[in-house]
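Each remark here refers to the structure printed beneath this line.
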Protein chains: 2
Amino acid sequence: MAYRETEKMRTRKAQVRQRILDCAFACVRQGGFQSAQVTQVAASAEVATGTIYRHFESKEALFAEVFRIATQREVDKVAEALATPGKAPDRLATALALFAARAMRGPTMAWALIAEPIAPKVEEERLIYRKAYAEQFERAIMDGVAEGSLPAQDARLTSTCLVGAIAESLVGPLSPTQQASNPLPDDLKQQLIDQIVGFCIQGLTGARR
Amino acid sequence: MAYRETEKMRTRKAQVRQRILDCAFACVRQGGFQSAQVTQVAASAEVATGTIYRHFESKEALFAEVFRIATQREVDKVAEALATPGKAPDRLATALALFAARAMRGPTMAWALIAEPIAPKVEEERLIYRKAYAEQFERAIMDGVAEGSLPAQDARLTSTCLVGAIAESLVGPLSPTQQASNPLPDDLKQQLIDQIVGFCIQGLTGARR
DNA sequence: ATAACAAGTGAATCACGATTCAGTTTTTGT
DNA sequence: ACAAAAACTGAATCGTGATTCACTTGTTAT
């Protein structure tokens, strides 16, 4: 008898797996899921195509995991912003601005997470992602209603409207293509974000801040 | 010498072309652009695959035209709703409700027009479509600002937020898949639409209607 | 050193759908 | 009826990219 899996090997395997994940992530960040090819991921991770399949069930499985990781990051950031002390409208404004700013900094990834059409298995992850967001915003909105800083409303619905308004105004008409060609200067970006957040908060509170 | 193109033939050709367009339209309505295959369109129009290429440059060209037609229909409806007499907020509320109701009645098509990712040539059409919408809503918002029924704002941006909020709340989380499996009863649909429009108008005016 | 097994390789294969095109049918004017 | 010109047909081809697998290399225990 011989070869027994050892700690060293387990570590090395995990590293390769991680490198593949990182490279896949980079591919998506750069060109979205559409342009993410197994061959490219393999090349940039410096492994053979076949190796990908030693670490992941399929392309879909790999990218589902990439999606999950990217998503978790964003949701955590939003959760963090919402966890600060203060009245609900202020916390929401902060979180929305953060969400918008991050989407703007990485529009391709934002588009990929929010709207880009993808394989069913990845789409499932998107549902989870959306639910996670909805829950964050919903909770804050419900806090606001409870403390009287927001009028009564269907928190689930309005949280969805928030995400839609931001997503569309950031990655819709000012779409991926345009983003690459004409990057806005920072001050205009900030102004745009302020306006979008203004609209959203007004939609929630019925009043200008 | 012989065959000279005759009126009869020109008509017949136009009919075939139209039948292909109609069937392609039906395909998109049913399954979005993603699932629209040339072979299927041909089959349902009862022509050979090759015939499609006698009438259209390419698959992209065919679907670009389908997109244009579907789009024009929607934009016309919105334009009509906005053309009624009255104060801007009321006209906008009517138009938004109409937009939402139509999207809800045909969610797959709505998704295809608003957000489904597609070939570049079709994407170009989408840009035109979005501009057409933006122009309609923008004009109404600017009317409102002028007549004092809306506070000063960046009409372009807010009109985009409107579309995003509606699109996301109708075809996002309550996505194509879900729509098929659990169709809402009419009264709840109406209620949902009212709430969405409420959020939007509040976002514009800063006040409940 | 060697046996036993796992991990890695990448060219070959497969899947899928758009597109082509040689052959067939239809239409038209004489 | 016939020849010229389209229009139609659909099986074959092509392109693209995921997936496989026979083979090579690396690792471990004896």
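Chain A is the first sequence line, chain B the second, and so forth, proteins listed ahead of strands; every chain is numbered from 1. Because only heavy atoms are used, hydrogens play no part in the values below, and waters and symmetry mates are left out as well, while side chains stay in.
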Pairwise N/O distances under 3.5 Å, protein to nucleotides 23-27 of chain C:
from   : atom 1 : to    : atom 2 : distance (Å)
C:dT27 : OP1    : B:R12 : NH1    : 2.3
C:dT27 : OP1    : B:R12 : NH2    : 3.2

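- Remark: C1' of D:dC21 and CD1 of A:I52 are 17 Å apart, rounded to the nearest angstrom.
- The 5' end of DNA chain C is approached more closely, in terms of each residue's nearest nucleotide, by A:A48 than by the other of B:G50 and A:A48.
- Checking the phosphate oxygens (OP1, OP2) of C:dA7, a side-chain nitrogen or oxygen of A:K13 falls inside 4.0 Å.
- Distances shorter than 4.0 Å separate some side-chain N or O of A:T51 from OP1 or OP2 on C:dT9.
- When distances run from any side-chain atom of B:T49 to the nucleotides D:dT9, C:dG8, C:dT19, the shortest one goes to C:dT19.
- Summarising the geometry, atom OG1 belonging to B:T108 is positioned 8.5 Å from atom CD belonging to B:Q30; distances are rounded to the nearest 0.5 Å.
- Residue B:H55 places no side-chain N or O under 4.0 Å from the OP1 or OP2 atom of D:dA7.
- The OG1 atom of B:T160 sits 13.5 Å away from the CD1 atom of A:I166 when rounded to the nearest 0.5 Å.
- In this structure, CG of B:L62 is placed 14 Å from C1' of C:dT19, rounded to the nearest angstrom.
- When atom types are taken as modelled, the side chain of A:R29 and the backbone of A:M109 share no donor-acceptor pair closer than 3.5 angstrom.
- Atoms CD (A:E57) and P (D:dT19) sit 9 Å apart, rounded to a whole Å.
- A salt bridge does not link A:E74 to A:K77: none of the charged side-chain nitrogens sits closer than 4.0 Å to a carboxylate oxygen.
- Atom NZ of B:K59 is separated from atom P of C:dG17 by 9 Å (rounded to the nearest Å).
- Within the model, atoms CZ of B:R54 and CD1 of B:I20 stand 11.0 Å from one another, a figure rounded to the nearest 0.5 Å.
- Judged purely by atom type and a 3.5 angstrom limit, B:K59 uses its side chain to pair as donor or acceptor with the backbone of B:A36.
- Straight-line distance from the CZ atom of B:R17 to the P atom of D:dC8: 13 Å, rounded to whole Å.
- Between A:F99 and A:Y133, the ring centre distance stays below 6.0 Å.
- Rounding to whole angstrom units, CD of residue A:E46 and C1' of C:dT9 are separated by 14 Å.
- In this structure a side-chain-to-backbone donor-acceptor pair under 3.5 Å is missing from A:E138 to A:A155.
- When the C1' atom of C:dC5 is taken as reference, atom CZ of A:R4 falls 9 Å away, rounded to whole Å.
- Looking at residues 25-37 of chain B, you'll see that no heavy atom sits under 4.0 Å from any atom of DNA chain D.
- Ranking C:dT20, D:dC8, C:dG8 by closeness to the B:Y53 side chain, first place goes to C:dT20.
- Across the protein-nucleic acid pair, A:R10 atom CZ and D:dT27 atom C1' stand 14 Å apart, rounded to whole Å.
- Map B:E60 and B:E7 each onto its nearest nucleotide of DNA chain C; the residue landing nearer the 5' end is B:E60.
- Salt-bridge annotation for B:E65 and B:R17: present, with a side-chain N of the basic residue lying under 4.0 Å from a carboxylate O of the acidic one.
- At a threshold of 4.5 Å between non-hydrogen side-chain atoms, the residues B:L157 and A:F199 do not count as touching.
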